[in-house]
Colleague: 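One structure, pasted below without further comment.
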Amino acid sequence: MDLGDSLARQALTTGMRVTPAAAPPGITRLAVTLPDGSIQHFERATAGGPEDWRATDFESTGGGCAFNEPITSQWGCGLDAFTPVTAR
């Protein structure tokens with residue numbers, strides 16, 4: 001399993017809340033709040049599909065980091081389930 005899938009798996013299996021996040025036009029961005037209060041972001045082109053998701057920014061009280069890791073459609077389908085209907 002690659003890093004993007006690992007981040008998506010962790011977020012989807014332990015996340016406490018998924019919310020749409022601010023993004024430039026044409027981009028769908030989700031913020032997943034993890035049990036420790038940190039937030040993992042995922043994004044894809046609004047016209048994209050489950051294979052187009054990428055793990056991006058990670059925010060926590062101790063710092064953060066930026067990712068640009070692809071996610072396979074297996075985990076992308078899980079993220080699509082939380083995507084607002086207007087962004088599908």
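No hydrogens, no waters, no symmetry mates; every other heavy atom, side chains included, goes into these values. Quantities reported herein were computed from a predicted structural model and do not represent experimental measurements.
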Colleague: Could you check whether any side-chain N or O of S38 sits under 3.5 Å from a backbone N or O of S60, counting only pairs where one atom can act as donor and the other as acceptor?
Modeller: no
Colleague: Show your reasoning for whether side chain to side chain contact (heavy atoms under 4.5 Å, CB included) applies to R44 and L79.
Modeller: CA-CA 10 Å; R44 69 164 168 77; L79 293 169; over 6 Å; no
Colleague: Using every non-hydrogen atom in the two residues, find where Q40 and L7 come nearest and quote the distance to one decimal.
Modeller: OE1-CD2, 3.9 Å
Colleague: Quick one: CD on E59 to CG on L34, what's the gap to the nearest 0.5 Å?
Modeller: 11.0 Å
Colleague: Any idea which heavy atoms bring G48 and D52 closest together, and the distance?
Modeller: CA-OD2, 3.2 Å
Colleague: If only atom types and distance count, is the side chain of T56 paired as donor or acceptor with the main-chain N or O of F67 below 3.5 Å?
Modeller: no
Colleague: Evaluate the side-chain proximity of D57 to R29: yes if any heavy-atom separation is below 4.5 Å, no if none is.
Modeller: yes
Colleague: State, to 0.1 Å, how close A55 and G4 come at their nearest heavy-atom pair, and which atoms those are.
Modeller: CB-CA, 4.4 Å
Colleague: Only one of T19, T33, V32 clears side-chain contact (heavy atoms from CB on, under 4.5 Å) with I39; which?
Modeller: T33
Colleague: Could you tell me if the side chain of D80 sits less than 4.5 Å from the side chain of W53, heavy atoms only?
Modeller: yes
Colleague: Heavy atoms, side chains only, cut-off 4.5 Å: are R9 and W75 in contact?
Modeller: yes
Colleague: Using a distance-only test with no angle check, is there a side-chain donor-acceptor pair under 3.5 angstrom linking T28 and T46?
Modeller: yes
Colleague: State yes or no: do I27 and L30 share one hydrophobic cluster built from I, L, V, M, F, W and Y residues joined by side-chain heavy-atom distances below 4.5 Å, directly or via other members?
Modeller: no
Colleague: Please find the pair of heavy atoms, one from G76 and one from I71, that lie closest to each other, and give the distance.
Modeller: N-CG2, 3.8 Å
